[in-house]
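A short worksheet on the structure shown next.
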Amino acid sequence: MSGKFFNGEGQPSELDPFSERQVGERLRSALRDHADRIEPAPNSYLTLSKRLEEAAPVSPKRAGRGGGRFLAAAAMLVVAAGTGAYLVSQVNSGDLNAVGTDGPEATVTTLSTTTTTSPTTTQQTTTTTAASTTTTSPPPEVVAAVVDQVRLPTSPSSVDAAEELVYLLGLPGKARFRAEGSTVNLLVPEDFESGQGPLAQVVVDGDAEEGFAAVRATSETMQISEVYVDGEQLVVLGQGIAFEATVQVELIGTDGTRLAATHTTAGCCEDLMPFEARLPIRGVGEAFVVAHGDSAGSGVVSAFSAEPVSFQGLADPTTYTVFRIRPDDKDQGLNLRDLPGSDEGQILDTLPPGETGIRRLPEMPALVGDSYWWHVETAEGTQGWVHSWFLTPDSSKLSEADLRGRAQVALSNLDAVEYGGLDWLHLSRRVPLALGWIGDPRMVSGPQTLDADFWSEADRWPVPEDTFGEPEKTISLRSLITPYIEPETEPQIDEGALTRYGFENDVVNSYFAGTRAVTVSGPSTGDSVEDRSLVLFYEAGPTGPELVGAVASIFVP
């Protein structure tokens, strides 16, 4: 302010110091009022600063009655700066660490504003804006943080959301689900009632209009108390009680990918005992750290605890192959798009069934509707987004012995399914399971694949009458796997998909391209030596072969 004002005649006049201060205060007040009425742009410096200020360190959380603190890095923001995306994590000290996720050329741009007061009697205020400074982002490093919630496809009810979480975490067995506000209690089945407390408590977020999603889970007998990074490993601390004191700790992606798994020990029978587990971290994404015990063959879901984490680890060396492309697919392959989503952006390329050498890029999977999309690079170097359900890990290194062993375990479990024998089927949670007649398999996903009643019935599929005649018009998995007693009636297990008809080869070479197959033949019914068979398809998982398909076939001589 210059110390002058304009009078009623439009002529400049001198202001006394008191009036000058009054006019200055009124002007500053008007400017503040004007600023309060204007909402900054979503990507403005003011908005980002405000969001960072709001991301204050959270108070320690507890994982149940005996739990400890979690990593106080719950506030996560994605800040766009030029062409780079950065994961901003707030750690215990309150410092903000920005880790680049968009290659070595990504930059962080910062703007600083300084205000100085000149030493004059009028206290003239001047504002100086410093020039933009560009800093090259540090190389990617292993980071992880417990977050408030991860992105999951929504479910119509809180109970459905809890069931989906149990399925995602790969916890077979029976349980009763009872909703109590924002918590769903997992109780033992009524025919197992023993007066014990909940097996686990799942916290659910959402409403009937937008849908519900699971947030985390804990149990009084299996708790995760702290998660943090040590070098290239994720350290999980907790305490629990488990049968034979064995605790399994896993890192499971929100799309069902088994990222890492290990075993450790805790208490047995009565006393909670501490445990520590270390998991390698690879790739970028959101996941659950889950700890659970062994159900000891009781057919009941084991007590478990699950905490949501956001992580960025070392590059994932896994290569993928295109599969689950139906022979009658109109695109004849998997569309590679410049944006995630079936109806988004442009198609850059169409990858045929069996196309391999595909690698995931270090970016967070995109959740579109109820599907996850991965940012990938083909063997030719083309980058784009694909639906994750249509990629399977390279399974060429799976050993024949492992495949035969898993097939034998699958048969034993299916034979004992009425007793809850699905514990070791090794179903892949990342993709839906294909079940049915080999000429037209259908996809089954979610908790239904863990329902013992579903496998007991094993579904039934119509058999084309003109191909197989009148004697049998329907087949089922159970009709192919009749329990055997005498050793000479045991089914024969062979590596590979042993098909008898030409159209079967089209399905195997397209729909199940990239997987490894095992064929179970017999036992004989007397009409033919190999009149019935079951083909099991496996993909490579971090703990061995995982079942992604089971289709039936009948050979009529």
Apply the test side-chain contact (heavy atoms from CB on, under 4.5 Å) to residues E180 and V184: give CA-CA distance (whole Å), side-chain angles for both, the deciding distance (0.1 Å), then the verdict. CA-CA 6 Å; E180 295 183 0; V184 176; over 6 Å; no

Stepwise side-chain contact (heavy atoms from CB on, under 4.5 Å) test for F177 and L186: CA-CA 5 Å; F177 294 81; L186 271 67; 3.6 Å; yes

Could you go step by step and tell me if L411 and V520 meet the side-chain contact (heavy atoms from CB on, under 4.5 Å) rule? CA-CA 9 Å; L411 290 179; V520 181; 3.6 Å; yes

Give the intermediate values and the outcome of salt bridge (charged side-chain N to carboxylate O under 4.0 Å, His left out) for residues E539 and R430. CA-CA 10 Å; E539 70 173 1; R430 190 184 62 81; 3.0 Å; yes

Please lay out, stage by stage, how Q383 and L361 fare under the test side-chain contact (heavy atoms from CB on, under 4.5 Å). CA-CA 9 Å; Q383 296 184 3; L361 296 175; 3.6 Å; yes

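Proximity of V289 to I224: side-chain heavy atoms (C-beta onward) are separated by under 4.5 Å at one or more points. Using a 4.5 Å heavy-atom cutoff, the side chains of V247 and M222 are in contact. In this structure, the side chains of L259 and F311 come closer than 4.5 Å at one or more pairs of heavy atoms. Within the 4.5 Å cutoff, side-chain heavy atoms of V431 are placed close to those of R324. Side chains of S412 and V409 form no contact here, defined as non-hydrogen atoms less than 4.5 Å apart. Within the 4.5 Å cutoff, no side-chain heavy atoms of V215 are placed close to those of V204. Counting only heavy atoms from C-beta outward, the side chains of E164 and P447 approach each other to under 4.5 Å. In this structure, Y372 and P153 have side chains that are in contact, with non-hydrogen atoms separated by less than 4.5 Å.
Minimum heavy-atom separation, H426 to P545: CB-O, 3.8 Å. Closest approach of G206 to F212, counting heavy atoms only: O-CE2, 3.5 Å. The minimum heavy-atom distance linking L403 with Y538 is given by the pair CD2-CB, 3.9 Å. When all heavy atoms of V551 and P441 are compared, the closest pair comes out as CG1-CB, 3.9 Å. Shown here for A214 and V202, the closest heavy-atom pair between the two residues is CB-CG1, 3.9 Å. When all heavy atoms of P365 and G285 are compared, the pair lying nearest together is CD-CA, 3.9 Å.
Taking CG from L234 and CG from L251, the interatomic distance works out to 6.5 Å, rounded to the nearest 0.5 Å. Here CZ of R359 is found 15.5 Å from NE2 of H375. Values are rounded to the nearest 0.5 Å. Of the inter-residue distances, the one linking T321 atom OG1 with L334 atom CG reads 11.5 Å to the nearest 0.5 angstrom. To the nearest 0.5 angstrom, T382 atom OG1 is 12.5 Å from D338 atom CG. With values rounded to the nearest 0.5 angstrom, T515 atom OG1 is found 9.5 Å from L398 atom CG. Expressed to the nearest 0.5 Å, how far CD1 of I281 lies from CG of L314 amounts to 8.0 Å.
Comment: R360 does not engage E377 in a salt bridge, judged by the lack of any side-chain N to carboxylate O separation of less than 4.0 angstrom. A salt bridge does not link E344 to R337: none of the charged nitrogens lies less than 4.0 Å from a carboxylate oxygen.
Side-chain N or O atoms of S305 include one that pairs as donor or acceptor with a backbone N or O of A217 at under 3.5 Å. Although no hydrogens or angles enter the test, the distance criterion places no donor-acceptor pair under 3.5 Å between the side chain of S155 and the main chain of S157. Between the side chain of S219 and the backbone N or O of L199, at least one donor-acceptor pair lies under 3.5 Å. A donor-acceptor pair is defined here as one N or O able to donate and one able to accept, closer than 3.5 Å; no such pair exists between the side chain of Q201 and the backbone of P198. Formation of a donor-acceptor pair under 3.5 Å by the R429 side chain with backbone atoms of Y167 is found in this model. For R516 (side chain) and S395 (main-chain N/O), a donor-acceptor pair under 3.5 Å exists by modelled atom type. With hydrogens and angles ignored, the 3.5 Å screen pairs no side-chain donor or acceptor of S510 with any backbone N or O of V507. No donor-acceptor distance shorter than 3.5 angstrom exists from the side chain of R282 to the backbone of P280, with no hydrogens or angles considered. Judged by distance alone, the side chain of D316 and the main-chain N or O of T318 form a donor-acceptor pair under 3.5 Å. Side chain of R216 to main chain of A306: no donor-acceptor pair is present (N/O by atom type, distance under 3.5 Å, no hydrogens or angles).
Annotation for D207: atom CG counts as buried by contact number, over 12 foreign heavy atoms lying within 6.0 Å.
Among the candidates D205, T254, D370, L367, the single residue satisfying the side-chain contact (heavy atoms from CB on, under 4.5 Å) test with L152 is T254. For the side-chain contact (heavy atoms from CB on, under 4.5 Å) with F275, the lone residue among L237, V249, T246 that qualifies is V249. Checking each of I347, V376, V322 against L336 for a side-chain contact (heavy atoms from CB on, under 4.5 Å) leaves exactly one that passes, namely V376. Here the options are D331, N335, D329, the test is side chain to side chain donor-acceptor pair (under 3.5 Å), and the partner is T350; only N335 passes.
Residue pairs that meet the ring-ring contact (aromatic ring centres under 6.0 Å, His included) test with at least one member in residues 320-347, sequence neighbours left out, are Y320-W374.
Ring orientation note: the planes of F390 and H387 are nearly perpendicular, at an angle over 60° on the 30°/60° scale.
For Q223 and T218, the side-chain atoms include no donor-acceptor pair closer than 3.5 Å. Residues H263 and Q248 have side chains that bring a donor and an acceptor to within less than 3.5 angstrom of each other.
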